[in-house]
Amino acid sequence: MNFKEHLKQKSLLVEEFLSGCLDEFDTLGLPPGLKEAMNYSLLAGGKRIRPALCLSVATLFGLDSRQALPFAAGIEFIHTYSLIHDDLPAMDDDDMRRGRPSNHKQFDEATAILAGDALLTDAFVFMAKPAKAFGTFAALEPANVLAALSAVAAAAGGCGMVGGQFWDMKYTAKGNTTLEQLAQMQAAKTGALLAVSCRSGALLAGVAQDEVEKITDYGRWLGRAFQIVDDILDEIGDPEEMGKPVGSDREQGKSTYPSLLGLDRSVELAKEAGDSALAALNSLRDIEALPDGPQRDEALFLRELIVYILKRGS
């Protein structure tokens with residue numbers, strides 16, 4: 001399997017679906033200016049790791065990826081909303097995102113807040129819709145969709161991503177954040193949505209609970225590796241490749257793995273998290289024993305994704 005091509009194909013599938021998502025709201029009264037602000041960030045590119053995880057895990061457990069596509073798109077809606085709000089002056093106060101002005105710089109602060117609010121809420125419109133509304137393939141089991149919806153809502157809410165952002169704001173410039181507090185904050189702010197992208201794919205497929213927990217563990221460790229690498233890149237990344245300035249965490253007095261442990265130890269911890277993600281994946285399926293086909297391709301993709309996360313430059 002060619003990992004980069006596999007990821008590209010998933011990204012293109014998601015991009016194509018996202019490109020027309022908001023059009024159906026035109027007749028329902030979506031203000032054109034609000035739609036423009038929503039699409040500005042939603043269609044700004046990116047790696048689409050979260051929807052790719054949902055699609056990959058769903059296929060690993062036997063679904064056609066198209067069945068999970070509306071749900072995966074909803075997850076990307078939530079991720080995009082979080083980026084818009086994260087960039088706001090009251091939060092991280094970042095002027096650039098993905099190589100161009102942040103939403104509140106391109107439009108204005110009030111519009112950016114409302115665009116984020118709309119993306120978060122409208123995400124559940126797509127996640128709750130029967131898949132057959134988007135094609136001729138079979139709809140998902142309602143009970144599976146409900147379980148996945150509940151999991152995503154919890155991961156995005158006060159005990160997940162929003163709670164993590166709250167702690168991030170509380171810890172900024174305090175100077176006495178512990179490693180345990182940092183890990184807990186990042187597990188909620190960044191890790192929760194990555195983990196639930198995996199968990200929801202398994203829930204949509206209706207697999208046994210022990211398989212759901214194993215793939216969720218994979219997602220949690222992947223999220224930990226992702227965030228540690230993110231901290232490292234903020235110190236030594238290429239601003240042009242990242243699409244935003246580096247060093248902003250340090251300037252704002254944020255606690256990060258490099259600030260607490262140094263770069264060398266941070267790199268080691270990222271590798272350890274990647275190893276744990278691989279162990280969780282291996283406990284789920286013997287990849288080498290799987291016959292050629294979509295499920296083996298996805299198992300290999302999830303394995304190679306760990307390497308990609310550890311070596312990414314943006």
Side-chain angles (χ1 to χ4, degrees), residues 3-4 7 46-47 49-50 52-53 79 82-83 86-87 91-94 96-99 161 163-165 167-195 197-198 216-283 300-314:
F3 170 80
K4 289 185 177 180
L7 178 59
K47 294 174 282 294
I49 294 295
R50 291 153 191 83
L53 279 169
H79 175 55
S82 75
L83 298 180
D86 199 44
D87 289 338
M91 298 290 184
D92 283 354
D93 195 15
D94 282 327
M96 298 294 293
R97 172 69 65 176
R98 291 172 177 165
M161 188 170 62
Q165 180 69 16
W167 287 121
D168 190 17
M169 296 296 97
K170 288 295 183 182
Y171 294 152
T172 295
K174 296 299 183 183
N176 59 350
T177 306
T178 67
L179 186 60
E180 182 179 11
Q181 288 172 326
L182 176 64
Q184 184 180 33
M185 178 270 289
Q186 292 187 345
K189 181 181 177 180
T190 302
L193 197 60
L194 283 163
S197 297
C198 299
T216 303
D217 282 343
Y218 164 85
R220 288 194 187 104
W221 285 112
L222 191 75
R224 180 174 169 85
F226 187 98
Q227 184 58 64
I228 296 173
V229 172
D230 215 45
D231 285 356
I232 294 169
L233 289 174
D234 191 73
E235 290 288 333
I236 61 172
D238 182 342
E240 187 171 332
E241 187 174 353
M242 294 178 67
K244 61 180 182 179
V246 299
S248 60
D249 287 346
R250 184 174 61 256
E251 291 174 5
Q252 294 180 40
K254 286 182 176 289
S255 293
T256 64
Y257 280 92
S259 71
L260 294 181
L261 300 173
L263 284 170
D264 289 344
R265 180 58 182 148
S266 298
V267 171
E268 291 175 357
L269 283 179
K271 175 65 166 55
E272 290 172 12
D275 290 343
S276 294
L278 181 59
L281 183 62
N282 287 339
S283 73
L300 290 170
F301 172 78
L302 292 171
R303 185 174 69 183
E304 292 302 313
L305 182 59
I306 300 169
V307 179
Y308 173 79
I309 293 297
L310 292 174
K311 294 184 176 181
R312 69 192 177 96
S314 63

Can you confirm whether Y218 sits close enough to I306 that some side-chain heavy atom of one is under 4.5 Å from a side-chain heavy atom of the other?
yes
Just verifying a value: how many Å separate R224 CZ and L194 CG, rounded to the nearest 0.5 Å?
14.0 Å
I need the minimum non-hydrogen distance between S266 and P258, along with the two atoms involved.
OG-N, 3.2 Å
What residues form a salt bridge (charged side-chain N to carboxylate O under 4.0 Å, His left out) with R265, not counting sequence neighbours?
E268, E272
For A225 and G274 the tightest heavy-atom approach is CB-N, 4.2 Å
Beyond-backbone contact of K47 with L7, side-chain heavy atoms, under 4.5 angstrom:
no
Below 4.5 Å, heavy atoms only, C-beta onward: do E235 and Y257 meet side chain to side chain?
no
Pairwise distance CG(L269) to CG(D264) - rounded to 0.5 angstrom:
11.5 Å
Verify side-chain contact (heavy atoms from CB on, under 4.5 Å) between D92 and T172, making sure each step is shown before the conclusion.
CA-CA 10 Å; D92 283 354; T172 295; 5.7 Å; no
What heavy-atom pair brings A270 and L310 nearest, and what distance separates the two atoms?
O-CD2, 3.2 Å
CA sep, side-chain torsions, deciding dist, call: T190, D230, side-chain contact (heavy atoms from CB on, under 4.5 Å)
CA-CA 10 Å; T190 302; D230 215 45; over 6 Å; no
Side chains of I232 and T256 in contact at under 4.5 Å (non-hydrogen atoms)
no
Relative to each other, are the rings of Y308 and F3 parallel, tilted or perpendicular (30° and 60° limits)?
tilted
Is there a side-chain contact between W167 and T177 (heavy atoms, below 4.5 Å)?
no
Results of salt bridge (charged side-chain N to carboxylate O under 4.0 Å, His left out) for D168 - residues two or more places apart only
K189, K254
Show the nearest heavy-atom pair for residues A195 and T216, with the distance to one decimal.
CB-O, 4.1 Å
Applying side-chain contact (heavy atoms from CB on, under 4.5 Å), can you list everything that pairs with A192, at least two apart in sequence or on another chain?
A155
List the atom of R303, the atom of L281, and the distance in Å for their closest heavy-atom pair.
N-CD2, 3.6 Å
Could you check if a side-chain atom of L222 sits within less than 4.5 angstrom of a side-chain atom of L302, using non-hydrogen atoms only?
no
With a cut-off of under 6.0 Å to the ring centre and 45° to the axis, is R312 in cation-pi contact with F226?
yes
Is it the case that the side chains of D231 and Q186 hold a donor-acceptor pair, with the cut-off being a distance below 3.5 Å and no angle test?
yes
